[in-house]
Amino acid sequence: MTRRISLTQYLIEQQRQHGHIPQELRLLIEVVARACKRIAISVNKGALGDVLGTAGSENVQGEVQKKLDIIANEVLIEANEWGGHLAAMASEEMEGIYLVPNRFPQGEYLLMFDPLDGSSNIDVNVSIGTIFSVLKKPEGSKGVSEEDFLQPGSAQAAAGYCVYGPQTTLVLTVGDGVTMFTLDREQGSFVLTQENVRIPEDTKEFAINMSNMRHWDAPVKRYIDECLAGEEGPRGKNFNMRWIASMVADVHRILTRGGVFMYPWDRREPNKAGKLRLMYEANPMAFLVEQAGGAATNARERIMDLKPTKLHERVSVVLGSRNEVERVTRYHLEQAQ
Ligand code: AHG
Ligand code: MN
Ligand code: MN
């Protein structure tokens, strides 16, 4: 019989053998995974659990909140606030940072999350997910402030997501490759199902919301036009397209079989750097993608080198198979010259 390794066992073994998962970080990851299990149960209940539809409120970015956005946010806070591993949390669904209440012990880590990614897919029963990113509180800083969160993605201690699809899969990096765990519902535990995830350098599949084409910048248009020209065009091969409108699901496909994902800046809202959020979406996904051998840029620079200036900062995102990301980035840099 093949040996089944649970997330708990995997983390303990990693801690013992390599020493790169400190005790507190291990606890943090386990607590996030437990919260994801609870969210998965709500997601699965759907209409039966009265979790579909809008909540009648807006978040700080002016987006209408879905019931599940709020439920998932609450589950993550409740699960994480008492364990003693965290100093504070920040979420796409909360305006300011959330300090661990005084009645609980304070830890050294900072947790950021997009509690429910792909909100437009909740009611239509398409894959959605939870994305998280972990930083360490800067040395010597007393208390916690928003400033403490404004560290580049390269400082992340861990990152991951949980995708709620036909299977519930937790994907994790602590800076030593990418590992996938599948939820076994009967056992109630995440089981290791893939180690050393690798993204092929080349691909024939791109993901972008084509309905925004008329608003794109010239280098994005050039790249996609060349893909669409297929075998007869400059790329000399046919491309396929996928757009799920849940970043987790699109990134999960890319980690599984390669591809390039783009949510670039466009002219609809020229003053915003992009749609996706640096701290809750771009940084954790960039960390995973790089750890799997892929690349992630804002079309010009490496995402994980960017120094955030505010919690809810937005960013242009190009990530996935290395050679395609480098090509898109090169087209942008050539334009700038
Ligand atoms: P969220 O549901 O957390 O607001 O994120 C949705 C994001 C991302 O998951 C997805 O790639 C993108 O928005 C889809 O945007 P469009 O509807 O503009 O295609
Ligand atoms: Mn999101
Ligand atoms: Mn969200």
Side-chain angles (χ1 to χ4, degrees), residues 32 35-36 39 42-43 51-55 57-77 89-95 111-133 159-165 171 205-216 220 224 241-255 259-269 272-286 288-289 296 298 303 311-320:
V32 170
C36 289
I39 298 169
S42 290
V43 168
V51 298
L52 305 184
T54 55
S57 49
E58 279 190 357
N59 67 13
V60 58
Q61 10 233 332
E63 296 161 340
V64 174
Q65 289 177 307
K66 296 278 166 67
K67 284 185 193 165
L68 262 180
D69 288 322
I70 294 174
I71 294 169
N73 194 59
E74 281 169 3
V75 168
L76 281 156
I77 289 175
M89 297 177 242
S91 161
E92 185 185 286
E93 302 301 338
M94 298 188 291
E95 185 163 1
L111 176 64
M112 283 149 290
F113 44 82
D114 175 355
L116 214 290
D117 175 67
S119 303
S120 73
N121 282 323
I122 298 171
D123 295 355
V124 292
N125 202 355
V126 171
S127 294
I128 49 182
T130 296
I131 311 173
F132 65 94
S133 161
Y161 63 79
C162 185
V163 57
Y164 314 111
V171 181
E205 200 161 62
F206 66 85
I208 192 165
N209 186 336
M210 294 283 287
S211 69
N212 298 323
M213 186 179 242
R214 69 190 185 284
H215 308 292
W216 291 342
V220 178
I224 296 296
M241 192 205 89
R242 285 287 184 276
W243 183 251
I244 303 176
S246 291
M247 189 192 200
V248 259
D250 279 311
V251 170
H252 193 64
R253 184 188 58 255
I254 288 171
L255 284 169
V260 59
F261 169 95
M262 283 181 270
Y263 211 122
W265 170 91
D266 66 44
R267 274 181 213 89
R268 281 173 302 165
E269 291 186 283
K272 283 189 186 155
K275 173 176 180 177
L276 298 176
R277 279 117 321 193
L278 177 60
M279 312 293 280
Y280 320 111
E281 294 169 320
N283 271 339
M285 292 312 201
L288 288 164
V289 165
N298 67 352
I303 283 178
L311 211 48
H312 298 289
E313 186 160 331
R314 296 185 188 246
V315 66
S316 180
V317 174
V318 182
L319 60 77

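As the structure lists them, so they are numbered: ligands from 1, and atoms in each ligand from 1.
In the displayed structure, Asn125 atom CG is contacted under 6.0 Å by at most 12 heavy atoms of other residues, nucleotides or ligands. For Arg214, the CZ atom counts as loosely surrounded, since its 6.0 Å shell holds 12 or fewer non-hydrogen atoms of other residues, nucleotides or ligands.
With hydrogens left out, the protein atom closest to atom 4 (O) of ligand 1 is Arg277 NH2, 3.1 Å, a heavy atom. Protein heavy atom at the shortest distance from atom 18 (O) of ligand 1 is Tyr263 OH, 2.6 Å. Ranking the protein heavy atoms by distance from atom 17 (O) of ligand 1 puts Lys275 NZ, 3.8 Å first. Nearest protein neighbour of atom 11 (O) of ligand 1, counting heavy atoms only, is Met247 N, 3.5 Å. Protein heavy atom in closest approach to atom 19 (O) of ligand 1: Asn209 ND2, 2.8 Å. Of all protein heavy atoms, the one lying nearest to atom 5 (O) of ligand 1 is Asp117 OD1, 3.2 Å. When hydrogens are left out, the protein atom nearest atom 10 (C) of ligand 1 is Ala245 O, 3.6 Å; that is the closest non-hydrogen contact.
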Where do Trp265 and Val220 land on the side-chain contact (heavy atoms from CB on, under 4.5 Å) test, with the steps shown first? CA-CA 9 Å; Trp265 170 91; Val220 178; over 6 Å; no
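Numbered from 1 in the order shown, with element, the atoms of ligand 1 that lie under 4.0 Å from a heavy atom of Leu276 read 7 (C), 8 (C). Close contacts between ligand 1 and Glu281 involve ligand atoms 3 (O), 5 (O) [criterion: under 4.0 Å to a heavy atom]. Of all atoms in ligand 1, listed by their number and element, those nearer than 4.0 Å to a heavy atom of Leu116 are 2 (O), 3 (O). Atoms of ligand 1 lying under 4.0 Å from any heavy atom of Asp114, numbered from 1 in the order shown and given with element: 3 (O). Remark: ligand 1 atoms within the under-4.0 Å shell around heavy atoms of Glu92 are 1 (P), 3 (O), 4 (O).
Per residue Glu281, closest N, O or S atom to the Mn ion (ligand 2): atom name OE2.
Using modelled atom types, one side-chain atom of Ser91 and one backbone atom of Glu93 make a donor-acceptor pair closer than 3.5 Å. Between the side chain of Arg314 and the main chain of Ala273, no donor-acceptor pair closer than 3.5 Å is present. Under the 3.5 Å distance criterion, the side-chain polar atoms of Asn298 are left unmatched by any main-chain donor or acceptor of Ile303. Formation of a donor-acceptor pair under 3.5 Å by the His312 side chain with backbone atoms of Met94 is found in this model.
Closest approach of Leu255 to Leu288, counting heavy atoms only: CD2-O, 4.3 Å. Smallest separation of non-hydrogen atoms from Val51 and Lys67: O-CB, 3.6 Å. What you find for Met89 and Ile77 is that their closest heavy atoms are CE-O, 3.8 Å.
The Mn ion (ligand 3) lies at 2.8 Å or more from every N, O or S atom belonging to Gly118. For the Mn ion (ligand 2), the N/O/S atoms of Glu92 include none lying under 2.8 Å.
Residue Asn212 places every heavy atom at 4.0 Å or more from ligand 1. Residue contact check for ligand 1: Trp243 places a non-hydrogen atom closer than 4.0 Å to it.
In this structure, Trp243 has its ring center under 6.0 Å from that of Phe261.
Rounded to 10°, the angle formed at the Mn ion (ligand 2) by OD1 of Asp117 and OD2 of Asp114 is 100°.
A salt bridge is defined here as a Lys NZ or Arg NE, NH1 or NH2 lying under 4.0 Å from an Asp or Glu carboxylate O, and Lys66 with Asp69 fails to meet this definition.
The parts of Ser119 lying near ligand 1 are both backbone and side chain, judged by heavy-atom distances below 4.0 Å.
The shortest N/O to N/O separation between Ser246 and ligand 1 does not fall below 3.5 Å. Annotation: Ser120 places no N or O atom under 3.5 Å from an N or O atom of ligand 1; distance criterion only. At a 3.5 angstrom cut-off on N or O pairs, Phe261 does not count as close to ligand 1.
The structure places CD of Glu313 at 5.5 Å from CG of Leu278, a figure rounded to the nearest 0.5 Å.
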